[in-house]
Student: 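Sending over a structure as structure tokens; questions will come in a sec.
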Amino acid sequence: MKFDGFETRAIHAGQEPDAGTGAVVVPIYQTSTYAQDGVGGLRQGYEYSRTANPTRTALEECLAALESGARGLAFASGMAAEDTLLRTVLSPGDHIIIPGDAYGGTFRLISKVVERWGVSWDAVDQTDVEAVRAAMRPETKVVWTETPTNPLLGITDIETVARIAHDGGALHVVDNTFASPYLQQPLTLGADVVVHSTTKYVGGHSDVVGGALIVADAELGERLAFHQNTMGAVAGPFDAWLTLRGVKTLGVRMDRHSENAERVVAALEGHPAVRRVYYPGLDSHPGHKIAERQMRAFGGMVSFELRDGEKAALELCERTKVFTLGESLGGVESLIEHPGRMTHASTAGSALEVPADLVRISVGIESGDDLVADLEQALEG
Ligand SMILES: *Cc1c(COP(=O)(O)O)cnc(C)c1O
């Protein structure tokens, strides 16, 4: 018999009771080095904690199991994971396709750092798969997808883009931070690499910064592990432990995030102060059919525009009582922010500029009644 349901993997994969003590929870192996039994005599393969640490190994094995990958690697942040990946798979002269509204940190890494090493890039609206096909060049080595996107919750058809990337000899990378592996598993749809900011839903409690890569191919996993050790941007034992603690409840959290988001969306849709709601769960969302196919539910991120413009949006952000005004997302607590002035301020004046009357919320797992009531009181003013 196979006991491999998602929630079972989240709690048990990589997390056998400790062989020595029977500890049910993987201990925090707060050590930099390991005693050897004679020169080169490693007890369980551990020699130095940049290379490997048992708490990190547990997290890496768990994340690989959750994304149905061959290998998982845990990093100090999502950006550290991205940097290690890009410097492993790209060389001078290569080209990369990124989303038109890529996460700001990803855009900054590629346009300010990776580009200086002779890598060219194009930002393409990947809700249109034909635009991705048209942007492919002989030197394209990576197609980088985010779905849902931030902050407009655009949906990309992962299966089709993976095929387009492979036809052109490129790797398909999916930043799965917004969906989490519970809602969407890109490797099972043909992608080669999944990126996570585990800071968000995977950790889920806004108490740790971390990142991960999960790959379908063990050989690519080996190359990435070589670069992880060489560059050294690894997750520390305590951060790995906190993330593992969070991941155990990922399934129940994502169900509640999605349920609460649907309730909030229903309230916003009917509200006279709201002009437009962006949520892939809505029938009216242009990516709804694809989202329905590739996601288990539609997640906790919602954006909306207000009829009365930017001032109304800014005021709303300051009037909520349960929703905390702040950046980031994916924690148990609800957050609200103004992308134009906060997370996406750097896009001002560019093609990626976000609407000024846009508000983004990360719907938490508090009482759904309270979340709806809080937004309604804040919209009343
Ligand atoms: C936050 C985030 C990142 C970067 O992760 P950090 O852990 O902050 O370094 C990458 N991609 C997406 C979609 C994010 O939301």
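Atoms within a ligand are numbered from 1 in the order they appear, just like the ligands themselves. Values below: every heavy atom of this structure, side chains too, minus hydrogens, waters and symmetry copies. Along the sequence shown, the residues carry numbers beginning at 1.
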Student: Are the aromatic rings of Trp144 and Phe107 close, with centres under 6.0 Å apart?
Tutor: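 Trp144 vs Phe107: aromatic centres not under 6.0 Å.
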Student: State if Ala80 counts as touching ligand 1 under the rule of any non-hydrogen atom under 4.0 Å.
Tutor: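 Heavy atoms of Ala80 never come under 4.0 Å of ligand 1.
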Student: N/O of Ser197 under 3.5 Å from N/O of ligand 1, yes or no?
Tutor: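 Yes, Ser197 has an N/O under 3.5 Å of an N/O on ligand 1.
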Student: Step by step, would you call Ile290 with Thr147 a side chain to side chain contact (heavy atoms under 4.5 Å, CB included)?
Tutor: CA-CA 11 Å; Ile290 298 164; Thr147 181; over 6 Å; no
Student: Considering non-hydrogen atoms of the protein only, which is the closest contact for atom 12 (C) of ligand 1, and what is the distance?
Tutor: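 It is Asp175 OD2, 3.4 Å.
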Student: Of all the heavy-atom pairs spanning Val142 and Leu90, show the shortest one and how long it is.
Tutor: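 Distance-wise, the nearest heavy atoms are CG2-CD2, 3.8 Å.
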Student: Which option out of Lys200, Glu82, Glu327, Met301 puts a heavy atom nearest to atom 1 (C) of ligand 1?
Tutor: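 Residue with the shortest heavy-atom distance to the ligand atom: Lys200.
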Student: Does the cation-pi check pass for Lys200 over Tyr103, that is, NZ or CZ under 6.0 Å from the six-membered ring centre and within 45° of its axis?
Tutor: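 The answer is yes, since Lys200 meets both limits relative to Tyr103.
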Student: Identify the residue among Thr88, Leu213, Val89 that makes a side-chain contact (heavy atoms from CB on, under 4.5 Å) with His227.
Tutor: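 Passing option: Thr88.
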Student: Any nitrogen or oxygen of Thr106, main chain or side chain, under 3.5 Å from a nitrogen or oxygen of ligand 1?
Tutor: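 No; every N/O pair is 3.5 Å or more apart.
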Student: Less than 3.5 Å between some nitrogen or oxygen of Met79 and one of ligand 1, yes or no?
Tutor: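 Yes.
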Student: Check the angle between the aromatic planes of His288 and Phe298 and answer parallel, tilted or perpendicular using the 30° and 60° thresholds.
Tutor: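 The arrangement is tilted - the two ring planes meet at 30° to 60°.
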Student: May I ask you to identify the nearest protein heavy atom to atom 4 (C) of ligand 1, giving residue, atom name and distance to one decimal place in Å?
Tutor: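 That would be Tyr103 CE2, 3.4 Å.
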Student: Is there a polar contact, in the sense of an N or O pair closer than 3.5 Å, between Gly78 and ligand 1?
Tutor: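 In this structure, Gly78 places an N or O atom under 3.5 Å from an N or O of ligand 1.
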Student: Please could you name the atoms of ligand 1 that Gly210 approaches to less than 4.0 Å, counting only its heavy atoms?
Tutor: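 Checking each atom against Gly210, I get 7 (O).
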Student: Would you check if Glu146 and Val174 make a side-chain contact, meaning some heavy-atom pair closer than 4.5 Å?
Tutor: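 They are not in contact (no side-chain heavy atoms under 4.5 Å apart), so the answer is no.
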